[in-house]
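Chain identifiers are assigned alphabetically (A, B, ...) following the order of the sequence lines, protein sequences preceding nucleic acid strands; residue numbering begins at 1 within each chain.
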Amino acid sequence: MAREIAKAYEPQQIEPRWADFWVKEALFKANPSAPGPVFSIVIPPPNVTGSLHIGHMLEHTEIDILTRWHRMRGYNTLYLPGTDHAGISTQRVVVKYLANQGINYQKLGRERFEQEVWKWKEEAGGQITRQMKGIGESCDWSREKFTLSPEMSRRVREVFVRLYEEGLIYRETRLVNWCPDCLTVLSDLEVVHEERQGHLWHIKYPVVGGKEFLVVATTRPETMLGDTAVAVHPEDERYKQLVGKKALLPLMNREIPIIADEMVDREFGTGVVKITPAHDPNDFEVGKRHKLAEIDVMTDDGKMSAAAGSYAGMDRFAARKRVVEELQKQGALEKITDHANAIGLCERSKTVVEPRISTQWFCKMKPLAEPAIAAVERGEILMVPDNRREEYFNWMRNIRDWTLSRQLWWGHRIPAWYCKEHNHITVARDTPAKCATCGSTNLEQDPDVLDTWFSSGLWPFSTLGWPENTDDYKTYYPTTLLITGYDILFFWAARMIMMGIHFTGQVPFRAVYLHSLVRTGSGEKMSKSKGTGLDPVALNQQYGTDAMRFCLASMAAPGTDIILSDDKLAGARNFANKIWNAARFLFVNLDKFEQTGAKLEELAGPEVRAKAPYTVAGKIPLVDAWLFARLAATIEMMNDALENYRFHEAAQGVYQFFWGDFCDWYIEWVKPELQSAGRERATAAWKNLFAAFDAALRLLHPFMPFLTEELWHQLPQAAGAKSIALGQFPEGEPRWRSAEPLREVAQIQEVVTMLRAIRAEMKLDAKKKVAAEFSTTDRSLENAIQANREAVERFAVLSELRMVAKEKFDTTSGAVRSTATFDVRVVYSETVDAGAEKVRLKKEKEGLQKAIASKERQLGDETFRSRAPEKIIKGLEATLAQQKTELEKLQRRLGDLDGGSSQAAGT
RNA sequence: AGGCCCGUAGCUCAGUUGGUUAGAGCGCUACCUUGACACGGUAGAGGUCUGGGGUUCGAGUCCCCACGGGCCUACCA
């Protein structure tokens, strides 16, 4: 039967079908009681409001490659998907969505707002999950989790209560990061710093009862409205006599004490600091030490409060301008200088974060961090690349308490209740009926929710059923590894480690692989807001998901950021197309061969493939043996690479094998032998061809799941075999490994390449057949060439390849090339320009002479001989001898060229 | 301020414990529309590894300094 196969690979035609198939067949459903070693991985849950961006694409590609690879190697495999409720982001998105419909969320009220978010989540929130299915991630969708689902929430609450009972969670009033746009407190990690050119305003504070004044410098003049002191260093001779006196706060006309505190840096500015305890972390500490009043001059939304007097109601930045103007008017502004400082911005809204005084829930981190540091120190958790360990240690050792509460409506409500009478705190797993302290029934739950990252920190075990000892938990925890971006190492990898160890007594994963960032062509971090992001979905559509995956994998060297470009994607697409066409070649030719009575089943059936390679006259043909030896080497190399997260090497390996070895050499080599009906050679070639092709597809499958699934289904498969994804990753059969064919074919390839190079240099017409001579003293090479003369002749477009004895080899005429072991000569009757050849030879001569000189110097050096390992010396000597032979031949050849006026080849 | 990383062919990057004329893809040049593939084939040009110093028999690889670029952490007003 004739097969219809498109001339070029069209991924758009094929991908959706298999994506559906994998999900519908629930092909990747895990079974805790399945045999084999365990490979389990949980997805770093993407934001439920999000859509797939290029960073996910990379991360998910790496996860899926390792997952598929392990599954194919017989591991009991789980890839658990899910999404994160992403408190701030989601709330922002839905607030905006409602506002667009003219609905004010605050007027809507908490309960109805939450309903709206759930509704929105159900309708619009599944996008990333749908996209993950579309790109064929081999997840167990039956185990999909959501961080805010009722079951996850119960586990979050369990953790909160336990930590509270252990005294690790507490409530306190202190200075925190406040985002006036998101209207919530933020943890330190959610504040990003940006270097900005600002100013330092120098303000004169008159000393009460004197004529002098103190000059303070500030970057935020508007906060002076909340000043409650001025501080100097206790040993600063300039100001010593003023300590204990009062200063008059300009604009507010408030008398504030002049105090002495060690925290003041005498060198900076004037050595006098204004103290605003409610708006600066340092000042807050000073305020506590000196029992100063804390005057909050701002409101939640970044406006000046009633405490700011006449500035009340103004936006904080407008107030800054106005304060400066007023000071200027009053002559209280001494000067303005330029000052660069790192300014804190809200990670989500990019609003300038305002340090504010506030009562919040915190988590004590030191006790949690210590075992987490130790686990990495002891190597219980491997960090790849390991230079990230230092960053981890650095952060962990200087860790500060974590602000857990958020003033949001979307999230895990803090399980703390306050009695109205005494404000006693009751923290409980279940909604309490009465106050644990006084028994009051008049309780009110804390309105705040938990930081989203709190629930993400539990993800590796909460998703597996903890605190119950479920089958999933027993089998799949600890997970094998976590793959995530290095930019969120602290956000969740570190916290997962702390929480995991604390609650399960085990590390949550054995390794953390920190993948690279994907950057734009100009090397910048991609950003949606700047419009510099690449849309992976559109690119997948354009180039094919397989091409995208392969491209990313082939650039994913640990520790190196990826710069993606159209060129590179096109390269990967071309590779997919190459494979498609290799398959097309097989099937088109098979159609013909079948007309001679052969059957696909007999040539390519699974049990036939299993026995490859096949022999001809009792012997495996050289090139067939070579192909399987190369296959074995590739498998070994890929396994080793993937074992060490070296995705790029594994990708390169399969690329080289499929394109270079299989297509360029093997197929070309056996091409003419495939159509000789009934002959042993043809049958063996077909069988070996299919066996190697099938193995190569399986090697490629983790990288290009769609294409390989499609082609695999076109080969005969065992009854009941559903998918290549459930097939076996090839193992390098011992019988495939053989060094001799590798060496011999490499030599033949060298002979062919040389002959082709001569042709190219002589500018011979590509189709013009010419005679050539070959001479060698290497018997095995001679035999190999003899036995494969037809292939060599075809590869080099020769009318005839003559074997010539060494002494009869004519170097003086024709175009000659030599290596230490053989010489080849193209016999051609036209006059050839010797100029180019001489240039080439001279260049090569120089290179050789340099190499020889350096080796002779080294080998002549006594110290070298006495200290270098034997292996190196022997190797050097061998290479030297070879190079000397080459050089001799080269010089003779150069002499010949100089001798004759023109190079006319004989015969 | 402290810490980390990078600087290798025109471009993007590999280069495993220091060891034998430094690799790939893309681009470039020349030839080839050959019955799988022009998203292709063949051959080729092109780096002395940012600069300087050092350790070593031997350095792209280890150490120091400089220059250039990036990142992380950090309460200097």
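Of the candidates B/U48, B/U12, B/G15, the closest approach to any side-chain atom of A/Ile563 belongs to B/U12. Ranking B/U20, B/C75, B/A77 by closeness to the A/Arg400 side chain, first place goes to B/C75. Proximity note for A/Ala868 (side chain, C-beta onward) versus B/G15, B/U73, B/G19: the nearest is B/G19. Among the nucleotides B/U73, B/A74, B/A77, the one closest to the side chain of A/Phe490 is B/U73. Comparing B/C72, B/A77, B/U20 by their closest approach to the side chain of A/Glu391 singles out B/C72.
Note: CZ (A/Arg865) to C1' (B/G58) measures 14 Å, nearest angstrom. Look at CZ on A/Arg266: it is 20 Å from P on B/C76, rounded to the nearest Å. In this structure, CZ of A/Arg389 is placed 18 Å from P of B/G3, rounded to the nearest angstrom. Put simply, CZ on A/Arg397 is 17 Å from C1' on B/A74, counting in whole angstrom units. To the nearest angstrom, P of B/C5 lies 15 Å from CG of A/Leu489. Between A/Ile343 atom CD1 and B/A77 atom P the separation is 10 Å, expressed in whole Å. Summarising the geometry, the separation between NE2 on A/His648 and P on B/U12 is reported as 17 Å, rounded to the nearest angstrom. Between A/Met396 atom CE and B/U73 atom C1' there is a gap of 14 Å when expressed in whole angstrom units.
Salt-bridge annotation for A/Arg356 and A/Glu354: absent, with no side-chain N of the basic residue lying under 4.0 Å from a carboxylate O of the acidic one. By the 4.0 Å N-to-carboxylate-O rule, A/Glu750 lies too far from A/Arg817 to be salt-bridged with it. Ionic pairing of A/Lys842 and A/Glu846 is not present here: no N-O contact between side-chain nitrogen and carboxylate oxygen is shorter than 4.0 angstrom. Taking a cutoff of 4.0 Å between a charged side-chain nitrogen and a carboxylate oxygen, A/Glu391 and A/Arg388 qualify as a salt bridge. Under the 4.0 Å criterion applied to side-chain N and carboxylate O atoms, A/Glu877 and A/Arg865 are assigned as salt-bridge partners.
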Show me the protein contacts with nucleotides 29-35 of chain B, counting only N or O atoms at under 3.5 Å.
residue : atom : partner  : partner atom : Å
B/U33   : OP1  : A/Lys767 : NZ           : 3.3

Between protein and nucleic acid, restricted to nucleotides 22-24 of chain B and to nitrogen or oxygen atoms under 3.5 Å apart, what atom pairs and distances do you find?
none

Is there any protein nitrogen or oxygen under 3.5 Å from a nitrogen or oxygen in nucleotides 6-11 of chain B, and what are the pairs?
none

Can you name the atoms? Protein N/O to nucleotides 38-46 of chain B N/O, anything below 3.5 Å, with the distance.
residue : atom : partner  : partner atom : Å
B/C39   : O4'  : A/Arg573 : NH2          : 3.3
B/C39   : O4'  : A/Asn574 : OD1          : 2.8
B/C39   : O2'  : A/Asn577 : ND2          : 2.8
B/G40   : OP1  : A/Asn574 : ND2          : 3.1
B/G40   : O3'  : A/Lys578 : NZ           : 3.2
B/G41   : OP1  : A/Lys578 : NZ           : 3.2
B/G41   : OP1  : A/Trp659 : NE1          : 2.4
B/U42   : O3'  : A/Arg756 : NH1          : 3.3
B/G46   : OP1  : A/Lys843 : NZ           : 2.6
B/G46   : OP2  : A/Lys843 : NZ           : 2.6

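Closest of all the heavy-atom pairs between A/Asn398 and A/Asn394 is ND2-O, 2.8 Å. In this structure, A/Phe550 and A/Val654 approach most closely via the heavy-atom pair CE1-CG1, 3.9 Å.
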Check the pair A/His199 / A/Asp338 against side-chain contact (heavy atoms from CB on, under 4.5 Å), numbers first and verdict last. CA-CA 4 Å; A/His199 301 287; A/Asp338 286 339; 3.3 Å; yes
In sequence, state the C-alpha distance, the side-chain angles, and the governing distance for A/Ile275 and A/His290, and then conclude on side-chain contact (heavy atoms from CB on, under 4.5 Å). CA-CA 11 Å; A/Ile275 301 296; A/His290 298 266; over 6 Å; no
One pair to check against salt bridge (Lys or Arg N to Asp or Glu O under 4.0 Å): A/Lys671 and A/Glu668. What are the steps and the verdict? CA-CA 5 Å; A/Lys671 228 176 209 179; A/Glu668 293 303 328; 3.3 Å; yes
Passes side-chain contact (heavy atoms from CB on, under 4.5 Å), A/Leu249 versus A/Tyr205? Steps please. CA-CA 6 Å; A/Leu249 181 64; A/Tyr205 285 21; 3.6 Å; yes
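A/Glu886 comes within 4.0 angstrom of a base, heavy atoms only. Within the nucleic acid shown, A/Leu880 has no heavy atom closer than 4.0 Å to any nucleic acid atom. A/Val273 comes within 4.0 angstrom of a base, heavy atoms only. When heavy atoms are screened at a 4.0 angstrom cut-off, A/Glu285 is found touching no nucleic acid atom at all. Residue contacts for A/Pro869: at a heavy-atom cut-off of 4.0 Å it reaches a base atom on one of the strands shown. Residue contacts shown for A/Thr879 include a base, since a base heavy atom lies under 4.0 Å away. Among the protein residues, A/Asn341 comes within range of the sugar-phosphate backbone only, with heavy atoms under 4.0 Å from sugar or phosphate atoms but none that close to a base. Residue contacts shown for A/Arg646 are limited to sugar-phosphate atoms, with no base heavy atom under 4.0 Å away. When heavy atoms are screened at a 4.0 angstrom cut-off, A/Gln656 is found touching no nucleic acid atom at all. Contact annotation for A/Gln883: base contact, defined as any heavy-atom pair under 4.0 Å involving a base atom.
Each of A/Leu292, A/Thr228, A/Val232 was compared with A/Ile259 under the side-chain contact (heavy atoms from CB on, under 4.5 Å) criterion, and only A/Leu292 meets it.
Side-chain contact of A/Ser565 with A/Asp567: a donor-acceptor pair under 3.5 Å is absent, judged by distance alone. Side-chain contact check for A/Lys274 and A/Thr276: at least one donor-acceptor pair (N or O, by modelled atom type) lies under 3.5 Å.
The phosphate of B/A77 (OP1 or OP2) has a side-chain N or O of A/His339 nearer than 4.0 angstrom. Distances shown here put every side-chain N or O of A/Arg388 at or beyond 4.0 Å from the OP1 or OP2 atom of B/C72.
Ring geometry, A/Tyr655 versus A/Trp659: the interplanar angle falls from 30° to 60°, so the pair is classed tilted. The aromatic rings of A/Tyr666 and A/Phe662 sit parallel, their planes meeting at an angle under 30°, below the 60° perpendicular limit.
Using modelled atom types, one side-chain atom of A/Asp401 and one backbone atom of A/Met365 make a donor-acceptor pair closer than 3.5 Å.
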Each base of RNA chain B marked ( ) or [ ] if paired in-strand (Watson-Crick or G-U under 3.5 Å), | if paired to another strand and . if unpaired gives (((((((..((((.....[...)))).(((((.......))))).....(((((..]....))))))))))))....
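When the nearest nucleotides of RNA chain B are assigned to A/Asp567 and A/Phe268 by heavy-atom distance, the more 5′-ward of the two goes with A/Asp567. Annotation: of the two residues near RNA chain B, A/Lys874 and A/Val264, the 5′-most nearest-nucleotide partner is A/Lys874.
A donor-acceptor contact under 3.5 angstrom links the side-chain atoms of A/Asn282 to the base of B/C75.
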Show me the donor-acceptor pairs, under 3.5 Å and distance only, between side chains in residues 570-579 of chain A and residues at least two apart or in other chains.
residue  : atom : partner  : partner atom : Å
A/Asn574 : ND2  : A/Ala570 : O            : 3.4
A/Asn577 : OD1  : A/Tyr9   : N            : 3.0
A/Asn577 : OD1  : A/Asn581 : ND2          : 3.3

